[in-house]
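Counting starts at 1 for both ligands and their atoms, following the listed order. Fair warning: this is a prediction, and the values are worked out from it, not measured in the lab.
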Amino acid sequence: MKPSSCALFFLFAFIASSAKAQVVLDAAGDFVTNGGTYYILPYIWALGGGLGLAATGNETSPLSVVQSAFEVDNGLPWRIACPLRILHVPTNSSLEFLSVEGKVPESVPLPSRWSFVEGENGNKTVKISGFENPMTGWFKIQQVNGWAYKIVFCPVNGDPCGDLGISKDDKGNRLLVINDDDPLNVVFLKAESKSEKVSQV
Ligand SMILES: *[C@@H]1O[C@H](CO)[C@@H](O)[C@H](O)[C@H]1NC(C)=O
Ligand SMILES: *[C@@H]1O[C@H](CO)[C@@H](O)[C@H](O)[C@H]1NC(C)=O
Ligand SMILES: *[C@@H]1O[C@H](CO)[C@@H](O)[C@H](O)[C@H]1NC(C)=O
């Protein structure tokens with residue numbers, strides 16, 4: 001290998017590795033903190049509110065992750081956690097979305113995380129832990145443009161990853177499903193707890 005092509009190789013390797021290390025930005029342009037809590041809102045404001053919980057199908061307590069129909073409703077804060085011991089959440093990396101204490105029904109064991117579950121109608125939707133037959137896999141955050149991202153689910157069984165989109169059930173609940181044709185583009189809005197505010201003073 002000539003020295004010049006060798007240098008070129010390292011330049012490309014450097015560009016490739018720095019692209020991989022891209023960090024997710026929140027709606028204020030700050031790095032998304034690993035383990036921090038965020039509201040997940042649609043990128044286009046007119047397209048409904050944030051992601052929260054609702055009782056759908058045969059559920060007696062709210063266990064399905066749904067998008068609020070109301071623009072002014074931020075939904076619930078969710079903890080975004082990357083298992084790597086790093087400060088900020090990278091794009092394209094395996095993540096978990098966890099419930100925040102006090103924001104889920106008391107019957108739900110914590111930590112409760114998002115998973116894909118086949119509901120009674122055979123459709124797979126995102127619910128918090130507590131169901132039988134969750135599909136094992138990971139979520140990822142992929143940049144669409146600027147601060148707009150889509151959330152991707154990758155099953156461990158080797159099936160291709162799929163983009164999260166919205167599908168309405170017959171009661172009008174906006175359930176999270178795999179929808180590669182029409183992914184939900186989201187932004188992450190930092191949810192500051194009182195203790196976090198105090199510790200900043
Ligand atoms: C993330 O993955 C997508 C799809 O595989 C790819 O198009 C994109 O370039 C990747 N981004 C980074 C920063 O690696
Ligand atoms: C709801 O439906 C699921 C899937 O058919 C079933 O496993 C579960 O036991 C049902 N729950 C209730 C409370 O009926
Ligand atoms: C699954 O969801 C689709 C889209 O919302 C709906 O048309 C279909 O009826 C659902 N399937 C069942 C078995 O309910």
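Judged as a side chain to side chain donor-acceptor pair (under 3.5 Å), the pairs with a partner in residues 70-86 (not counting sequence neighbours) are, in order, S68-D73. Pairs of residues two or more places apart, or lying in two chains, that qualify as salt bridge (Lys or Arg N to Asp or Glu O under 4.0 Å) and include a residue from residues 136-152 are K150-D163.
Of the polar atoms of Q22, none of the N or O atoms is found under 3.5 Å from an N or O of ligand 1, judged by distance alone.
In the hydrophobic cluster analysis, where Ile, Leu, Val, Met, Phe, Trp and Tyr join through side-chain heavy atoms closer than 4.5 angstrom, V32 is grouped together with L184.
Contacts between Q143 and ligand 1 below 4.0 angstrom, taking non-hydrogen atoms only, are absent altogether.
By the 30° and 60° cut-offs, the orientation of the rings of W114 relative to F139 is perpendicular.
The distance from ligand 1 to the heavy atoms of T91 drops below 4.0 Å at these ligand atoms: 13 (C).
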